[in-house]
Amino acid sequence: MQGFEFYNPTRIVFGAGKIAELARLVPANARVLVLYGGGSIKQNGTLDEVRAALHGHDVREFGGIEPNPRFETLLQAVEIVKTEQIDFLLAVGGGSVIDGTKFVAAAARYAGNDPWDILTTFGSTIQDAVPLGSVLTLPATGSEMNNGAVISRAGDDKLFFGSERTFPAFSILDPTKTYTLPPRQIANGAVDAFVHVMEQYLTYPAGALVQDRFAEGLLQTLIEVGPQALATPTDYTVRANLMWSATLALNGLIGAGAPQDWATHMLGHELTAVYGLDHAQTLAIVLPAMLQVRRADKRAKLLQYAERVWGLHEGSDDARIDAAIAHTRDFFERMGNPTHLAAYQIGSDAVERIVGQLARHGMTQLGERQDVTLDVSRRVLEASL
Ligand code: NZQ
Ligand code: ZN
C-alpha cells in the first residue's frame with residue numbers, strides 16, 4: 001500500500017425527508033445564496049422544500065447553471081456573491097450545480113487577476129473560499145463529498161480543479177429526490193460511478209487489499225442496482241444504494257494508498273468539450289477501449305476484476321480478460337449508454353481532433369504510470385470509433 005493522507009470533512013445527512021435539516025445545517029446568521037440548474041428542482045418540488053427549510057434565513061437564489069457548468073455563467077454568480085456579501089452557498093442539484101458552486105466559492109475570494117487561472121493551476125492557487133453545502137439530486141459524480149470540480153468555457157476547454165477549501169461542509173442525500181430523474185441520467189450516474197471506481201482500482205496490484213475489496217463491492221453493487229433503478233424508479237432501497245455507492249466511489253476512500261489512472265476521464269472531458277456528449281456517455285465509450293489497448297499493463301488487475309467482479313473462472317487468461325471487457329461494455333449498453341463514437345455519428349476525424357485537444361491541455365503523460373502518451377491516447381480513440 002502506498003503512503004497516504006486521507007482527509008474528508010464533509011458531513012453526510014442521508015435519508016428521506018432530510019432536506020428539512022437545512023434549518024439546522026445552514027448557519028443561522030449567514031447571507032445565503034441558493035444555486036441551481038435549469039429548473040428540475042422547481043418542477044419536482046425540491047426548491048419549495050429548500051425554501052421552506054430555510055424560512056427565516058436570509059436567502060437569495062441563482063438559477064441557470066448548465067450541465068457541464070460554464071465559466072461565463074458562474075462569473076455572474078460570483079458578482080452576486082461579492083455585491084450581496086454572501087457568506088454561505090447552497091448548491092441544489094447534480095454534479096454540475098455542485099461543481100459550479102465550488103467554483104463560485106473559490107472565485108469570489110480569489111486573489112489572482114483571472115479566475116480561469118483556478119483551472120489552469122488545478123486549484124493550487126486557491127487560498128480561501130466561501131463555505132458551501134449541497135442538496136444532491138443526481139447520484140453520479142461524488143462531487144457532494146469531494147473537493148473537485150470540472151468547469152467548461154467557450155473555446156472547447158473543460159478542465160478540473162480541486163482544493164481543500166472546496167469540500168462541501170455538508171451534503172444532504174435524499175434518495176426520493178432522484179425519483180424524477182430521466183432514464184438517461186440514471187444511466188449516466190451508474191456509469192460515471194462505475195468508472196470512478198475503475199479509475200482507482202483497475203491499475204496494478206499495490207497491496208491495497210481493503211481498497212480492492214471495497215472497490216469490488218461498489219462495482220458489484222452498481223451492476224446490481226443500476227438496471228433495477230431503471231426498471232423500478234421509485235424503489236427506495238435501490239435508489240439509496242445507487243446514491244451511496246456513487247458517493248463512496250469518489251470521496252477519496254478507495255483511492256487512498258492505491259495507484260490511480262484517470263486517463264479515461266481526461267479523454268472523456270475532451271470529447272464533451274468538443275462534441276457536447278454527456279460526461280458518462282464519453283466514459284462508456286472510452287473505458288472499454290482503454291482497457292483493451294492497455295490490457296498488457298493492466299493484466300494482473302484485469303484478471304482479478306474478471307474473477308472477483310464478474311465471476312469468470314474458466315478459460316485462458318486472455319479469454320477471461322476478453323470476457324471481462326465484454327461484460328463491462330455490455331453493462332454500459334444495458335444501462336442505455338452506447339460504447340462507440342459511431343452511435344453519436346462521430347467519425348474518424350475525431351481522433352486527431354481529440355489528440356490535438358489533449359496536446360493543448362498538456363495531457364500527454366496520463367495513467368497510473370504516466371505512460372499514456374498522445375500515441376496511446378490515439379490508439380484508444382481509434383478503438384472507440
Ligand atoms: O439542470 P437541471 O434542470 O437541474 O437538470 C439536470 C440536468 O439537465 C437534471 N437533473 C438533476 N437532478 C434531477 C434532474 N432531472 C430530474 N430530476 C432530478 N432529480 O440532470 C441533468 C444533468 O445534470 P448534471 O448535474 O449535469 O449531471 P451530473 O451529476 O452527471 O454531473 C455531470 C458533471 O459533473 C462533472 C462532469 O464532468 C460534468 O460536468 N464531474 C464532476 C466530478 C467531481 N466533481 O468530482 C467528477 C466526475 O468525473 C465528473 O467529471
Ligand atoms: Zn466521472
Side-chain angles (χ1 to χ4, degrees), residues 10 19 35-47 49 63-71 73-74 91-103 123 132 134-153 157-163 166-168 171 173-200 229 233-234 239 242-243 246-247 249-252 255 260-273 276-284 286-287 337:
T10 302
I19 288 177
L35 299 98
Y36 59 93
S40 71
I41 66 161
K42 286 186 180 162
Q43 284 144 28
N44 61 22
T46 305
L47 183 57
E49 259 183 77
I65 297 177
E66 314 79 353
N68 307 309
R70 313 276 311 180
F71 177 68
T73 304
L74 299 169
V92 185
S96 293
V97 172
I98 302 175
D99 283 10
T101 300
K102 289 175 180 176
F103 177 79
L132 69 130
S134 90
V135 174
L136 180 67
T137 64
L138 198 175
T141 63
S143 188
E144 66 277 9
M145 199 180 177
N146 68 39
N147 66 15
V150 190
I151 306 298
S152 300
R153 87 170 170 179
D157 291 322
K158 180 172 186 181
L159 299 177
F160 68 90
F161 76 90
S163 163
T166 50
F167 278 105
S171 285
L173 277 56
D174 176 347
T176 69
K177 294 298 143 214
T178 73
Y179 290 173
T180 55
L181 281 165
R184 169 171 159 186
Q185 298 305 340
I186 289 293
N188 283 344
V191 170
D192 193 21
F194 192 94
V195 178
H196 291 161
V197 179
M198 293 290 270
E199 299 272 29
Q200 301 163 88
T234 57
R239 290 296 167 109
L242 178 63
M243 202 168 208
T247 301
L250 195 49
N251 71 350
Q260 303 192 17
D261 184 340
W262 298 106
T264 295
H265 267 72
M266 296 307 109
L267 271 63
H269 287 169
E270 301 298 355
L271 283 167
T272 297
L277 299 189
D278 292 352
H279 173 60
Q281 291 173 337
T282 71
L283 305 177
V286 176
L287 183 75
N337 280 4

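Whatever order the structure lists ligands and atoms in, that order sets their numbers, starting from 1. Quick caveat, the model's predicted, so the values are computed rather than measured.
- The protein heavy atom nearest to atom 4 (O) of ligand 1 is Ser40 OG, 2.7 Å.
- Of the protein's non-hydrogen atoms, the one nearest atom 27 (O) of ligand 1 is Leu138 CD1, 3.3 Å.
- Any N or O atom pair closer than 3.5 Å counts here, and Gly39 shares at least one such pair with ligand 1.
- The shell of residues lying under 4.0 angstrom from ligand 1, judged by heavy atoms, excludes Ile41.
- Contacts with ligand 1 closer than 4.0 Å are made by side-chain heavy atoms of Asn146 only, the backbone lying farther away.
- Counting atoms of ligand 1 from 1 in the listed order, those under 4.0 Å from a heavy atom of Gly37 are 1 (O).
- For ligand 1 and Asn44, the ligand atoms under 4.0 Å from any heavy atom of the residue are 17 (N), 18 (C), 19 (N).
- Considering the Zn ion (ligand 2) as centre, the angle to NE2 of His279 and to OD1 of Asp192 is 90° (10° rounding).
- Taking every non-hydrogen atom of Thr141 and a distance limit under 4.0 Å, the qualifying atoms of ligand 1 come out as 28 (P), 29 (O), 31 (O), 32 (C), 34 (O), 40 (N), 41 (C), 42 (C), 45 (O), 46 (C).
- Of all the listed residues (Ile98, Thr180, Val97), Thr180 holds the heavy atom that lies closest to atom 17 (N) of ligand 1.
- For atom 43 (C) of ligand 1, the choice among Asp99, Thr46, Val92 with the nearest heavy atom turns out to be Asp99.
- For Lys158, every heavy-atom contact with ligand 1 shorter than 4.0 Å involves the side chain, none the backbone.
- Using a 4.0 Å cut-off between heavy atoms, Asn188 makes no contact with ligand 1 at all.
- Results of the side-chain contact (heavy atoms from CB on, under 4.5 Å) test with Glu144 over Leu173, Val135, Thr10 single out Leu173 as the only residue that passes.
- Atom numbering of ligand 1 starts at 1 in the shown order; those under 4.0 Å from a heavy atom of His265 are 48 (O).
- Polar contact with ligand 1: absent for Lys102 (N/O pair, distance under 3.5 Å).
- Close contacts of ligand 1 with Lys177, meaning ligand atoms under 4.0 Å from a residue heavy atom, involve 19 (N).
- Listed by number with element, the atoms of ligand 1 under 4.0 Å from a non-hydrogen atom of Ser143 are 44 (N).
- In this structure, His269 counts as a contact residue of ligand 1, since one of its heavy atoms falls inside 4.0 Å of the ligand.
- Residue-level proximity to ligand 1 for His196 is carried by the side chain, the only part with a heavy atom below 4.0 angstrom.
- Taking a cut-off of under 4.0 Å to the non-hydrogen atoms of Gly148, the atoms of ligand 1 that pass are 44 (N).
- Counting protein heavy atoms only, atom 7 (C) of ligand 1 is closest to Pro67 CG, 4.0 Å.
- At a 3.5 angstrom cut-off on N or O pairs, Gly38 counts as close to ligand 1.
- Taking 4.0 Å as the cut-off, Gly142 does not count as a neighbour of ligand 1 on heavy-atom distance.
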